[in-house]
Trainee: 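Encoded as structure tokens, here's the structure I'll be asking about.
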Amino acid sequence: MPTLPPELCARIIQYARQVDLLTLCLINKEFNRVAERNLYSEVVLRDAPTALRFSHVLISKEGHRGLYIRRFWFWHEQRRGRTAMLPEHFWMDLQKALSYMSDLEDLTIVDPTLSNTWILNPAHVKFNLVSARLHLAWDA
């Protein structure tokens with residue numbers, strides 16, 4: 001099967017809907033390379049299981065997908081007025097995923113328990129943020 005020139009693949013992906021990017025990743029290597037970059041540019045996560053799976057995907061292959069992420073939002077929604085505590089391994093995996101997002105520009109993290117500020121330890125994560133919305137308890 002003949003392949004399309006990279007410029008044409010990029011043009012097709014430019015006009016693709018967000019929901020179609022995953023399918024385009026499966027067509028061939030050229031589509032995968034360009035579609036994956038667009039797919040990961042903006043990540044919005046609203047629940048812990050999805051965020052944990054995303055962290056594992058990002059950590060795999062030595063985090064090369066982290067370079068694509070420009071906007072990352074995670075907020076753990078409360079269920080029926082209760083704030084569920086997420087286990088420490090969840091926050092450790094999220095911190096490791098954040099460490100691969102070196103070109104991150106926009107960060108939103110909402111932790112209703114206000115107990116996980118340590119994930120932004122500058123020894124582990126280094127960003128080039130333009131904006132940040134953080135719902136975390138601040139400590140020293």
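All values below were derived from every heavy atom in this structure, side-chain atoms included, with hydrogens, water molecules and symmetry-related copies excluded.
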Trainee: With a 4.5 Å heavy-atom cut-off, do Leu107 and Met101 have their side chains touching?
Mentor: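 The answer is no; the side chains never approach within 4.5 Å.
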
Trainee: Membership question, hydrophobic clusters at under 4.5 Å side-chain separation (ILVMFWY): are Leu134 and Val130 in the same one?
Mentor: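 Unlinked, Val130 and Leu134 end up in two clusters.
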
Trainee: Under a 4.5 Å side-chain heavy-atom rule over Ile, Leu, Val, Met, Phe, Trp and Tyr, are Leu94 and Leu120 clustered together?
Mentor: yes

Trainee: With distance as the sole test, does Gln95 use its side chain to make a donor-acceptor pair with the main-chain N or O of Trp118 at under 3.5 Å?
Mentor: yes

Trainee: What is the ring orientation for Tyr40 with Phe54, classed by angle as parallel under 30°, tilted 30 to 60°, or perpendicular over 60°?
Mentor: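 Aromatic pair Tyr40/Phe54 classed tilted.
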
Trainee: Under a 4.5 Å side-chain heavy-atom rule over Ile, Leu, Val, Met, Phe, Trp and Tyr, are Leu22 and Val44 clustered together?
Mentor: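 No; Val44 is not reachable from Leu22 via cluster members.
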
Trainee: Under 3.5 Å, is there a donor-acceptor pair between the side chain of Asn32 and the main chain of Cys25?
Mentor: yes

Trainee: Give a yes or no answer on whether the side chain of Asp20 reaches the backbone of Leu24 with a donor-acceptor pair at less than 3.5 Å.
Mentor: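 No.
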
Trainee: A side-chain contact here means heavy atoms from C-beta on lying under 4.5 Å apart; do Asp103 and Arg70 qualify?
Mentor: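 When only atoms from C-beta onward are counted, Arg70 and Asp103 do touch, with a gap below 4.5 Å.
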
Trainee: Between Phe72 and Tyr100, does a ring-ring contact (aromatic ring centres under 6.0 Å, His included) hold up when you go through it step by step?
Mentor: CA-CA 12 Å; Phe72 181 80; Tyr100 290 115; over 10 Å; no

Trainee: Can you get from Leu129 to Ile109 by hopping between Ile, Leu, Val, Met, Phe, Trp and Tyr side chains that sit under 4.5 Å apart?
Mentor: yes

Trainee: Among side-chain atoms of Asp47 and Thr50, is any donor-acceptor pair under 3.5 angstrom?
Mentor: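 A donor-acceptor contact under 3.5 Å links the two side chains.
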
Trainee: Please name the pair of heavy atoms, one in Ala97 and one in Leu58, separated by the smallest distance, quoted to 0.1 Å.
Mentor: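 What the structure gives for the nearest pair is O-CD2, 3.4 Å.
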
Trainee: At their closest point, which heavy atom of Ala51 faces which heavy atom of Phe74, and how far apart are they?
Mentor: CB-CE1, 3.6 Å

Trainee: Working to the nearest 0.5 Å, report the span between OH of Tyr68 and CG of Leu39.
Mentor: 10.5 Å

Trainee: Looking at residues at least two apart in the chain, or sitting in another chain, which of them share a salt bridge (charged side-chain N to carboxylate O under 4.0 Å, His left out) with Glu105?
Mentor: none

Trainee: Do side-chain atoms of Asn128 reach the backbone of Ser102 as a donor and acceptor pair under 3.5 angstrom?
Mentor: yes

Trainee: Using side-chain heavy atoms (C-beta onward) and a distance below 4.5 Å, is Val34 in contact with Ile12?
Mentor: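 Side-chain contact under 4.5 Å: no.
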
Trainee: Nearest 0.5 angstrom please: Ser55 OG to Leu45 CG, how far?
Mentor: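 Going from OG on Ser55 over to CG on Leu45, the span is 7.5 Å.
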
Trainee: How long is the straight-line distance from CD1 of Ile69 back to CD of Glu42, given to the nearest 0.5 Å?
Mentor: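 If I round to the nearest 0.5 Å, the distance is 11.0 Å.
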
Trainee: Does the pair Lys96/Asp93 count as a salt bridge with the N-to-O cut at 4.0 Å?
Mentor: no

Trainee: Output, in order, the C-alpha distance, side-chain angles, deciding distance and verdict of salt bridge (Lys or Arg N to Asp or Glu O under 4.0 Å) for Glu36 and Arg65.
Mentor: CA-CA 8 Å; Glu36 193 173 72; Arg65 294 176 183 109; 3.1 Å; yes

Trainee: About how many Å separate CZ of Arg37 and CG of Leu21, when rounded to the nearest 0.5 Å?
Mentor: 13.0 Å

Trainee: Does Val110 reach the side chain of Leu136, with side-chain heavy atoms less than 4.5 Å apart?
Mentor: no

Trainee: In the structure I gave you, are the side-chain heavy atoms of Leu98 and His124 within less than 4.5 Å of one another anywhere?
Mentor: no

Trainee: In this structure, would Ile119 and Phe127 fall into the same cluster of hydrophobic residues linked by side-chain contacts under 4.5 Å?
Mentor: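 Same cluster.
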
Trainee: How about Glu62: does its CD atom have over 12 heavy atoms from other parts shown lying under 6.0 Å from it?
Mentor: no

Trainee: Under a 4.5 Å cut-off applied to non-hydrogen side-chain atoms, are Ile13 and Phe31 in contact?
Mentor: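 Of all side-chain heavy-atom pairs linking Phe31 with Ile13, at least one is under 4.5 Å.
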
Trainee: If you measure only the distance, is there a donor-acceptor pair under 3.5 Å linking the side chains of Trp91 and Asp111?
Mentor: no

Trainee: What pairs with Arg11 under salt bridge (charged side-chain N to carboxylate O under 4.0 Å, His left out), at least two apart in sequence or on another chain?
Mentor: none

